[in-house]
Amino acid sequence: EKGGYPDFMLKEISEQPRVVRDTLVGRMRGGELDIDELGLSYEELDIIDRVYVIACGTSFHAGLIVKNMIEGWARIPCEVEAASEFRYRDPIITPSTLVVAVSQSGETADTLAAIRDARIRGAKVFGITNVIGSPVAREADGVIYTKANKEIAVASTKSFIGQVVSLTLLALMLGQVKGKLTCGQVRMLFHELGDTAEQIQWIMDTQGAAIREAALACKDAQSALFVGRGVGSAICYEGALKLKEVSYLHAEAYAAGEMKHGPIALIEPGFPVIAVTTRSPVYDKTVSNLKECEARGAEIIAVATEGDEEIRAIADHVIYIPRVRDCFSPITATVPLQLLAREVALLRDCNVDQPRNLAKSVTVE
Ligand code: M6R
């Protein structure tokens with residue numbers, strides 16, 4: 001069943017290039033983006049003036065990643081909230097609000113309760129799920145299915161990639177309908193999105209040794225910090241969750257610019273700081289935050305863009321990912337963090353497929 005892999009987690013991480021391809025297949029017809037199960041007409045999409053993405057756990061992190069795309073491409077405000085918070089407050093919802101529920105299982109109790117409530121308040125509801133006919137799929141006006149296939153490891157990996165790709169399609173669709181993206185721009189972005197399949201494969205094929213070396217540096221730590229800026233900080237939330245879940249090593253994610261407002265007090269010699277420092281407009285800012293950690297003796301593990309030699313001056317370990325448009329870097333940069341979490345867990349003798357205290361699907365509150 002594991003197809004020759006030692007565990008489901010590695011098998012599922014390895015399937016990610018296929019998930020990208022399958023989630024995109026058939027979505028571009030005659031040069032136009034086509035989401036046939038969208039369930040919302042162009043007119044209904046055109047009136048949308050606010051988007052809430054609601055989800056839990058890893059699915060919530062997929063939402064954090066797409067916020068900038070929805071705001072940047074469609075120019076409408078997008079908030080991303082944990083379903084367990086959203087459902088107990090009084091959010092501003094009108095008939096022109098789109099609530100997007102993201103759920104691998106399609107049956108998470110808080111996510112379901114949140115969309116039921118949003119519908120009663122008049123919102124349009126859209127689902128992103130991996131399970132055909134699941135409650136989220138049935139109760140939403142429209143749905144995009146992630147094509148991850150069954151995910152067995154409790155820690156979500158391949159379905160996260162499917163979610164980010166699907167949410168990106170939705171953001172492209174909104175940008176197109178709102179007239180903020182031209183057809184040519186949509187086509188170009190769509191193709192670049194598809195290129196991430198090969199880029200993930202490149203990481204899997206070439207970065208194993210660097211990831212194992214970085215894992216050794218984390219193995220005996222009490223705690224680790226993940227830092228990044230922009231979409232880099234959203235990736236960090238997922239990296240920290242993965243590490244906590246499978247290795248039981250305490251990890252926290254911080255926007256790098258927030259370090260000096262408190263977390264830097266934690267840094268002492270040998271403290272692991274995992275930094276997402278891919279080439280982006282905020283690269284220099286992140287590097288300057290890292291220098292402050294380096295000066296205090298942190299053990300720095302950087303996820304950097306291939307060809308970036310400069311980063312070696314401050315990082316103890318460097319894991320490379322291919323150069324990619326900033327908005328798509330979460331799809332590639334998450335992969336080394338998944339692999340790092342798994343390696344640390346194995347070094348600490350943890351069961352990576354079945355972490356303690358966790359269930360694959362959380363159908364109770
Ligand atoms: O099925 P869902 O996507 O709604 O599940 C949400 C979370 O329970 C899930 O992502 C959880 O955080 C995973 N264990 C993460 O690896």
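Note: hydrogens, waters and symmetry copies are ignored here, and every other heavy atom, side chains too, is used. What you see is a predicted model, and the numbers here were worked out from it, not measured in a lab. Order of appearance sets the numbers: ligands from 1, and atoms from 1 within every ligand.
Both cation-pi conditions hold for Arg356 and Tyr248: the charged atom is under 6.0 angstrom from the six-membered ring centre and inside a 45 degree cone around its axis. For the pair Arg187 and Phe190, the cation-pi test (distance below 6.0 Å, angle within 45°) is failed.
Within a 6.0 Å sphere centred on CD of Glu309, other residues, nucleotides and ligands contribute more than 12 heavy atoms.
For the pair Asp7 and Lys11, the salt-bridge criterion is not met [side-chain N within less than 4.0 Å of a carboxylate O].
Distance alone, capped at 3.5 Å, is enough to place a donor-acceptor pair between the Arg348 side chain and the Lys219 backbone.
The immediate protein surroundings of ligand 1, defined as residues with any heavy atom under 4.0 Å of it, consist of Cys56, Gly57, Thr58, Ser59, Ser103, Gln104, Ser105, Thr108, Val154, Ala155, Ser156, Lys242, Glu245, Val362.
Within the 4.5 Å cutoff, no side-chain heavy atoms of Cys56 are placed close to those of Val362.
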